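Bear in mind the structure is a predicted one, so any value in this text is a computation, not a measurement. Every chain is numbered from 1 and lettered A, B, ... according to where its sequence line falls, protein lines coming before strand lines.
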There are 2 protein chains.
Amino acid sequence: MRNRQYRQGITCFMSTIRERNKELILRAASEEFADKGFAATKTSDIAAKAGLPKPNVYYYFKSKENLYREVLESIIEPILQASTPFNADGEPSEVLGGYIRSKIHISRDLPFASKVFASEIMHGAPHLSADLVEQLNGQARHNIDCIQTWIDRGQIAPIDPHHLMFSIWAATQTYADFDWQITAITGKAKLDEEDYEAAAQTIIRLVLKGCEPDRRAE
Amino acid sequence: MRNRQYRQGITCFMSTIRERNKELILRAASEEFADKGFAATKTSDIAAKAGLPKPNVYYYFKSKENLYREVLESIIEPILQASTPFNADGEPSEVLGGYIRSKIHISRDLPFASKVFASEIMHGAPHLSADLVEQLNGQARHNIDCIQTWIDRGQIAPIDPHHLMFSIWAATQTYADFDWQITAITGKAKLDEEDYEAAAQTIIRLVLKGCEPDRRAE
DNA sequence: GTCTATAAGCCGATAGAC
DNA sequence: GTCTATCGGCTTATAGAC
């Protein structure tokens, strides 16, 4: 009984095993895809890492590409969510600071999917649907418009809003993408809570100071 | 005569054809590897893009991996070169500004190799020799030490030097790595000279303002 | 030195037993 | 629903003609 649920009079297998296996495969896949990229990843390695036979991967996900897309799309929602603070009526420093923190948290909490996403974008997003691409770009344009509004109102310095956004993305994303380089240079096997906090504070400082209106001769 | 050079008494073919073909293949390879990544790139596509038959690729470069390594290593020298301004006795704003400009120029002038390098680092540098890795990391540590010295001397604000370097790398590298996203959002098919100049100025502003010592109540 | 034609091996995907 | 055993296609790499 424990493994079954009866719904609408039809015997419906909502087996815990199914959910558990899908989860194991997704987790293994996100690590493998993040580590090697789509083409270099072998489904047999994903299966091995998940502790399951290879056909299970195909049974649950139909194809390697499908599995990849599930990993890839799992990061879209958090990314879009991170932009919610952007609102022209918000306080620029609050909005930008909140955004930077959200993006750093994504790199910290979802490092594998985050890396898969970055790799996908680097190669021209061949697996992303036009719809999702448009959502992401629309969001980006909205954020940039918001910054432009602050500039027009004189709330922040007339910094180029496109390049400001690119810098913020890059600086926050880098903690997921280039973790290998970062751990090699800092000498730490893994960044801890304080490191991410220091990263966020450094980026926030750069951005907020950079956005401060220039001082006139007073 | 034009196609041959006699050296040490041995007929030595320094044929223009050889040099030209190697160059064609290298150029095609850097574009393909940048676009698709190592594993997803087919040597037949490289040959086609170079306008040569596939066996020529193997004749000149022996293996796909060898060819990849040549593309990859072509970017190391420019990267190391960009760090030459770093010197604790230099003026921080000059050094940092010069470094940012050099890194932006690498993204602009060597976008393909730059992307190949980024992708390689993202995946844990499986094709880079330990020696080169050590050179790059040593350089990075030197730059960070240099920033720390400025902080100790009170020349710049006590910003975290590691995170400052990570932000600079990320913000400059992003113009090569995420060109697809950048052109999608700016709406330009290709960034022009002015765009790169604006990018450099924006990043320099963020970094220099961020490094300014905090004002005390005056 | 150049290129056609082919070998060898790997990996995504599945048939079919349990 | 699960997994062993295998196929078929694709890609690197090369043998050998020119």
Side-chain angles (χ1 to χ4, degrees), chain A residues 1-7 10-26 28-30 32-33 35-72 116 123 126-127, chain B residues 1-7 10-26 28-29 32-33 35-72 123 126-127:
Chain A
M1 256 318 270
R2 191 160 82 250
N3 287 348
R4 299 180 190 189
Q5 287 188 354
Y6 294 89
R7 198 171 52 181
I10 295 163
T11 310
C12 181
F13 289 85
M14 257 327 229
S15 62
T16 330
I17 289 185
R18 186 182 192 87
E19 296 306 315
R20 196 195 58 123
N21 284 356
K22 283 192 75 169
E23 193 50 43
L24 282 171
I25 292 167
L26 270 175
S30 70
E32 286 294 304
F33 286 136
D35 196 34
K36 317 249 186 73
F38 176 75
T41 295
K42 295 183 262 187
T43 52
S44 59
D45 283 353
I46 293 174
K49 179 166 269 186
L52 293 166
K54 187 169 65 152
N56 274 30
V57 173
Y58 289 89
Y59 174 68
Y60 290 122
F61 293 94
K62 173 95 174 155
S63 72
K64 179 183 174 181
E65 191 168 334
N66 249 318
L67 175 53
Y68 175 79
R69 251 198 295 264
E70 284 219 22
V71 171
L72 178 62
V116 170
H123 298 122
H127 301 278
Chain B
M1 257 318 270
R2 190 161 84 251
N3 286 349
R4 300 179 190 189
Q5 286 187 354
Y6 294 90
R7 198 171 51 180
I10 294 162
T11 309
C12 179
F13 288 87
M14 259 324 230
S15 61
T16 329
I17 288 184
R18 186 183 190 87
E19 296 305 313
R20 195 196 59 122
N21 284 355
K22 283 192 75 169
E23 192 51 43
L24 283 171
I25 292 166
L26 271 174
E32 286 294 303
F33 286 136
D35 196 34
K36 316 248 185 73
F38 176 75
T41 295
K42 296 184 260 186
T43 52
S44 59
D45 283 353
I46 293 174
K49 181 166 267 186
L52 293 166
K54 189 171 59 154
N56 274 29
V57 173
Y58 289 90
Y59 174 68
Y60 290 122
F61 293 94
K62 174 92 176 155
S63 72
K64 179 182 173 182
E65 191 167 336
N66 249 317
L67 175 53
Y68 175 79
R69 251 197 297 263
E70 285 219 23
V71 171
L72 178 61
H123 298 122
H127 301 278

**OP:** Could you check whether B/Asn21 gets within reach of a base, just the sugar-phosphate, or nothing at all, counting any heavy atom under 4.0 Å?
**Re:**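 Sugar-phosphate contact only - B/Asn21 comes under 4.0 Å of backbone atoms but never of a base.
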
**OP:** Would you indicate what A/Phe61 reaches in the nucleic acid, counting non-hydrogen atoms under 4.0 angstrom: base, sugar-phosphate, or nothing?
**Re:**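 Nothing: the residue A/Phe61, judged by heavy atoms under 4.0 Å, touches no strand.
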
For the pair made of [atom1] in [X] and [atom2] in [N], what is the distance, rounded to whole Å?
X       : N      : atom1 : atom2 : answer
A/Leu24 : D/dT2  : CG    : P     : 12 Å
A/Lys22 : D/dG1  : NZ    : C1'   : 14 Å
B/Asn66 : D/dT14 : CG    : C1'   : 16 Å
B/Asp45 : D/dA13 : CG    : P     : 15 Å

Original post:
Would one find a side-chain N or O of B/Asn56 under 4.0 angstrom from OP1 or OP2 of C/dC3?
Top reply: yes

**OP:** Taking all non-hydrogen atoms of both residues into account, name the closest pair between B/Ala29 and B/Val71 and its distance.
**Re:**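 Shortest heavy-atom contact: CB-CG2, 4.1 Å.
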
Subject >> Where B/Ile46 and B/Ala28 come nearest, the two heavy atoms and their spacing >> reply: O-CB, 3.6 Å

**OP:** Starting at CG of A/Asn21, measure out to CG of A/Leu52 and round the result to the nearest 0.5 Å.
**Re:**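 With rounding to 0.5 Å, CG (A/Asn21) is 4.5 Å from CG (A/Leu52).
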
**OP:** Show your working on side chain to side chain contact (heavy atoms under 4.5 Å, CB included) between A/Leu67 and A/Leu26 and close with a plain yes or no.
**Re:** CA-CA 7 Å; A/Leu67 175 53; A/Leu26 270 175; 3.9 Å; yes

Subject >> B/Thr41 side chain to B/Glu32 backbone, donor-acceptor under 3.5 Å >> reply: yes

**OP:** Assign a letter to each nucleotide of nucleotides 11-18 of chain C from its 5' end: B, base within under 4.0 Å of a protein heavy atom; S, sugar-phosphate only; -, no contact.
**Re:** SBBB----

**OP:** Sequence neighbours left out, what pairs pass ring pair (Phe, Tyr, Trp, His ring centres under 6.0 Å) with at least one residue falling in residues 44-69 of chain A?
**Re:**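 Listed once each, the pairs are A/Phe33-A/Tyr68, A/Phe38-A/Tyr68, A/Tyr68-A/His127.
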
